[in-house]
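Since we're looking at a predicted model, the values are computed, not measured.
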Amino acid sequence: MSLNKYKILAQKPESEPRSLWHQWPVALAILPFFGVVAAFGIAPDTIPEPIELQHIVEEIALPISPFASTEESRYWREERIQRGDTVASVLARLNVNDVDALTYLLQAKDVRSLYQLIPGRTIRVVTTGDGQLESLSYVNTDGRRLHVTRGESGFSSSEELPQTEQWVMQSSGEIETSLFAATDSSGIPEFVALQLAEIFSSDIDFHRDLRRGDRFSVVYEALAADGEFVGFGRVLSAEFVNQGHTFRAVFFRDDQGRNGYYTPDGRNMRKAFLRSPIEFSRVTSGFTSGRFHPVLKTWRAHKGIDYGAPTGTRVRVTSDGYITFVGRKGGYGNVVTVRHPNGYVTLYAHLSGFSQGLRQGKRVVQGEIVGFVGSTGLATGPHLHYEFHVNGVHQNPMRLAMPPGPPITAQSRSAFEEFTQPLFARLDMLRNTDLARLD
Ligand SMILES: [Zn+2]
């Protein structure tokens, strides 16, 4: 008696419809922020792959050995790359048992990108029942999909640009000790945290102004290739509540290509002067006001603002202008002075060094690095002494209202409102989620 039965030998990806992944950003958007972060980290494990599984059914005769090898059978598998993985260790987990394949992958120049394995991404393979590799694919560091396939005359490889799409991520946080501590615990990547500090840098001095209890929300882009995360993108909108004061910003590009961050009513977030000449980074992100003499107490005495920061921290010019002095000058030590339009002058003292090529008369733009924090001259420890003069008179920049950059033009107004309305709506939603969480 012939015992014919059907057995599913393999599940093979037939096509990769985009539809499921198109739902992704929406799905992310409606999750509360911890959910977003968590879902993001583990997505490929818990969310079905973007493939239509087709059962390949083959008629076979019993009895079946579970280890039987059938030349026609194909197994499709994928494995997540772990920290410390090598190509060999991933292939072992994928049950690839194929010396020829390993030799090819180790030696072929075209597959070198496979050696920069990125933890969290997946390697997909199709093998025969006894572990011979038929094909392999992987999204490499350039965001291209590498394909390795077995042909008549051995293995060959090719690369293609995968289907890319943007995911919209969002998250909120509250300051306890520093901005980075808060963004880390909310799962916000450093690249996004730095953008956040930059966007509000004309209004908030992130070295001095942050207080415990300050809150922020941020909506930003992430880029995916073939459904796999490849990198973070631009901040789309953000809110920062600093000492009870709410600042909001949204990214907008008009049809002339002018772009930047704007307030909800279309004013430019960028002011003529940055609040702080110290480049914001992980090492400078703590509360510094306690470590150095507070501004207001010493302001009258030495007419400058001191920023305690590690030696070598980058010092940036706070506005466009021309260098009027570079060199050593008495108690200032190494000092740079810059003349700006409308009678403004800034001074940066006690530097350990200057940036290369800096000389008198050189034009500098806002944010350009002019030197590095040090303790030259009359300084008890590494810090930047920053002075701000208006028409030859020392002024406390913290007390000055700085003139802003150009606002949204009248022609772009309606496009601006249409584009930014949903982004501000997201911030409203994040704020309400936050409040609900606190109740
Ligand atoms: Zn000083």
### Query
Using the ring of each side chain (for Trp, its six-membered ring), is F273 parallel, tilted or perpendicular to Y344, with breaks at 30° and 60°?
tilted

### Query
Heavy-atom distance under 4.5 Å between the side chains of L347 and V336, does that happen here?
no

### Task
Decide whether T122 and R80 meet the rule of one side-chain donor and one side-chain acceptor closer than 3.5 Å.
no

### Query
For residues S186 and S171, is any side-chain donor paired with an opposing acceptor at under 3.5 Å?
no

### Task
For the pair H389 and H394, name the ring-plane relationship: parallel under 30°, tilted 30 to 60°, perpendicular over 60°.
tilted

#### Entry: Pair S172, S217: side-chain N/O donor-acceptor within cut-off below 3.5 Å
yes

### Task
Report yes if the side chains of I188 and V218 come closer than 4.5 Å at any heavy-atom pair, otherwise no.
yes

### Message
Listing request: all salt bridge (Lys or Arg N to Asp or Glu O under 4.0 Å) pairs with a residue in residues 177-190, at least two apart in sequence or in separate chains.
### Response
D184-R282, E190-R282

### Task
Can you spot which of R316, K362, R363 makes a side chain to side chain donor-acceptor pair (under 3.5 Å) with E368?
K362

### Message
Whether the side chain of N268 engages the backbone of P406 through a donor-acceptor N/O pair (distance < 3.5 Å, no angle test) should be reported.
### Response
yes

### Message
Can a side-chain donor-acceptor contact be found between Y307 and D205 if the only test is distance below 3.5 angstrom?
### Response
yes

### Query
So does E418 have more than 12 non-hydrogen atoms from other groups sitting under 6.0 Å from CD?
no

#### Entry: Any side-chain heavy-atom pair of V370 and V326 under 4.5 Å
no

### Query
Do the rings of F252 and F416 sit parallel, tilted or perpendicular, given the 30° and 60° boundaries?
perpendicular

### Task
Establish, from distance only, whether the side-chain atoms of Y138 and E78 form a donor-acceptor pair under 3.5 Å.
no

### Query
Does CZ belonging to F325 count more than 12 external heavy atoms closer than 6.0 Å?
yes

### Task
Please work out which of the three classes, parallel, tilted or perpendicular, describes the rings of H350 and H383, given edges at 30° and 60°.
tilted

### Min side-chain heavy-atom separation R74-T128 under 4.5 Å
yes

### Query
With no hydrogens and no angle check, do the side chains of Q411 and D254 hold a donor and an acceptor under 3.5 Å apart?
no

### Query
Are R248 and E239 close enough, and set up right, to give a salt bridge (Lys or Arg N to Asp or Glu O under 4.0 Å), and what steps lead you there?
CA-CA 4 Å; R248 276 187 164 199; E239 176 179 278; 2.7 Å; yes

### Neighbour count above 12 (heavy atom, 6.0 Å) for R121 CZ
yes

### Task
Assign the ring pair F388 / Y386 to parallel, tilted or perpendicular, where the plane angle (0 to 90°) is split at 30° and 60°.
perpendicular

### Message
Any heavy-atom pair between the side chains of T409 and S412 that's under 4.5 Å?
### Response
yes

### Query
Under a 4.5 Å cut-off applied to non-hydrogen side-chain atoms, are F206 and F240 in contact?
yes

### Message
Counting only heavy atoms not in R314 (residues, nucleotides, ligands), do more than 12 fall under 6.0 Å from its CZ?
### Response
no

### Query
Would the F419 and F424 ring centres measure less than 6.0 Å apart?
no

### Query
Is the F251-Y261 ring centre distance short of 6.0 angstrom?
yes

### Query
With sequence neighbours excluded, what pairs up with R234 under the side chain to side chain donor-acceptor pair (under 3.5 Å) test?
none

#### Entry: N242 and D209: side chain donor to acceptor below 3.5 Å
no

### Query
Quick one: are E134 and T127 in side-chain contact, heavy atoms under 4.5 Å?
no

